[in-house]
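Below is one structure, written out as structure tokens; comments come after it.
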Amino acid sequence: MNNIADNIQKIHARINNACQISGRNPEEVKLVAVSKIKPADMIEEAFHSGQKIFGESYVQEFRDKHPLVSAPVEWHFIGGLQSNKVKYLRGKVSTIHSVDRLSLAQEIDRQWGKTDKTVDIFLQVNVGDESSKAGCSPEELESLVRSVAPLPNLKIKGLMCLPPHFDDPELVRPFFKQLKELAEQINNLHLPAVSMDELSMGMSGDFEVAVEEGATFVRIGTAIFGARTKKA
Ligand SMILES: *Cc1c(COP(=O)(O)O)cnc(C)c1O
């Protein structure tokens, strides 16, 4: 009996079901296994069950854990990020989901300029207008896109949100709809080299609704690895 493999399989079945309900192709939806606070051996175990992409939220923890994972996983950074810590992610992550201000994007661009790669980013939008959450406001988004898009060492893939929590995932649906609408509004501006094709939204408690509303990356921790004990 392998819990992690079982859990991943069940999540794929639920994603497939949500795709069927909404007429989407399940291949459009990628699963980010959120492994924050979980040990390297659980990541290896998930990798050997077929999981490729792992999401981390804390820079220091990622620095410590990254060398312990020998499987060729694809790392995404999904958490709050201070500019002075971007250097620790340089070259190690393919994607950063939590870019919410120009100064951070500029530092990411500067750091990846020292490598021969580019990094994919998502712009995080605070759709719930919650003071406790990161993300640019919907009103600031267009100007953020206009200033970030020309940076040469990163590529904007789309938008990300961390909406307010509700026990009933139906109550989160309007926030997912709003993120999709914002992406469409930006696409309709036809800015050079800007296309918001991806939406990073949906977590353990609400990912099916997110998929129904167009998520292309769901970020799921608890439903794969079990509950997290609080970070010290
Ligand atoms: C922790 C975290 C998740 C995963 O949350 P679960 O409820 O455990 O699935 C997703 N996105 C972000 C940004 C997170 O910090």
Side-chain angles (χ1 to χ4, degrees), residues 3-4 6-15 18 29-39 42-43 45-46 49 51-63 65 73-82 85-86 89 93-101 104 108 119-136 157-173 175-176 179 198-232:
N3 267 321
I4 290 179
D6 272 5
N7 291 344
I8 290 173
Q9 213 179 3
K10 284 183 190 136
I11 288 164
H12 282 298
R14 290 168 63 187
I15 290 172
V29 185
K30 280 135 294 189
L31 173 59
V32 179
V34 177
S35 47
K36 62 186 177 197
I37 327 285
K38 297 294 176 180
M42 291 179 90
I43 296 173
E45 187 179 338
S49 333
Q51 178 61 32
K52 295 291 185 295
I53 306 175
F54 292 83
E56 290 283 335
S57 288
Y58 306 109
V59 174
Q60 182 62 49
E61 189 206 354
F62 175 67
R63 281 179 77 187
K65 199 157 66 180
V73 311
E74 180 182 337
W75 295 106
H76 288 199
F77 193 81
I78 64 172
L81 186 53
Q82 292 171 281
K85 302 224 171 122
V86 172
L89 304 179
V93 303
S94 70
T95 308
I96 300 174
H97 290 239
S98 43
V99 180
D100 62 356
R101 57 200 188 276
L104 176 60
I108 292 169
V119 60
D120 291 338
I121 66 158
F122 285 84
L123 297 178
Q124 180 173 353
V125 186
N126 189 356
V127 286
D129 192 23
E130 293 173 280
S131 58
S132 63
K133 295 235 173 103
C136 75
K157 301 299 280 189
L159 302 181
M160 178 271 213
C161 72
L162 200 57
H165 174 80
F166 295 99
D167 287 334
D168 177 0
E170 279 303 325
L171 298 177
V172 192
R173 191 184 294 275
F175 297 100
F176 295 143
L179 197 72
E198 311 280 352
L199 294 172
S200 171
M201 59 188 196
M203 317 198 327
S204 293
D206 56 22
F207 68 89
E208 287 143 305
V209 173
V211 168
E212 287 170 28
E213 296 302 332
T216 65
F217 283 88
V218 291
R219 309 179 310 266
I220 299 181
T222 311
I224 296 176
F225 298 111
R228 287 177 294 274
T229 44
K230 265 232 154 60
K231 187 178 149 64

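All of these numbers come straight from a predicted model, not from anything done at the bench. Whatever order the structure lists ligands and atoms in, that order sets their numbers, starting from 1.
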Indicate the ring-plane relationship of F54 and F225, choosing parallel, tilted or perpendicular according to the 30° and 60° boundaries. tilted
W75 and F62 aromatic ring geometry - parallel, tilted or perpendicular at 30°/60° bounds
perpendicular
Sorted by chain and number, sequence neighbours left out, side chain to side chain donor-acceptor pair (under 3.5 Å) with S98 holds for none
Original post:
Between E213 and R173, does at least one N-O distance fall below 4.0 Å, as a salt bridge requires?
Top reply: yes
Can you list every pair where an N/O of ligand 1 is under 3.5 Å from an N/O on the protein?
unit_1	atom_1	unit_2	atom_2	d
ligand 1	8 (O)	T222	N	2.8
ligand 1	8 (O)	T222	OG1	2.5
ligand 1	8 (O)	R228	NH1	2.8
ligand 1	8 (O)	R228	NH2	3.1
ligand 1	9 (O)	S204	N	3.0
ligand 1	9 (O)	S204	OG	2.5
ligand 1	9 (O)	G221	N	2.8
ligand 1	11 (N)	R219	NE	2.9
ligand 1	11 (N)	R219	NH2	3.4
ligand 1	15 (O)	K36	NZ	2.7
ligand 1	15 (O)	S57	OG	3.4

One should read off an interatomic distance between D6 CG and S49 OG, to the nearest 0.5 angstrom, of 9.0 Å
Answer yes or no on whether K157 is positioned over the face of F122, meaning its NZ or CZ is under 6.0 Å from the six-membered ring centre and within 45° of the axis. no
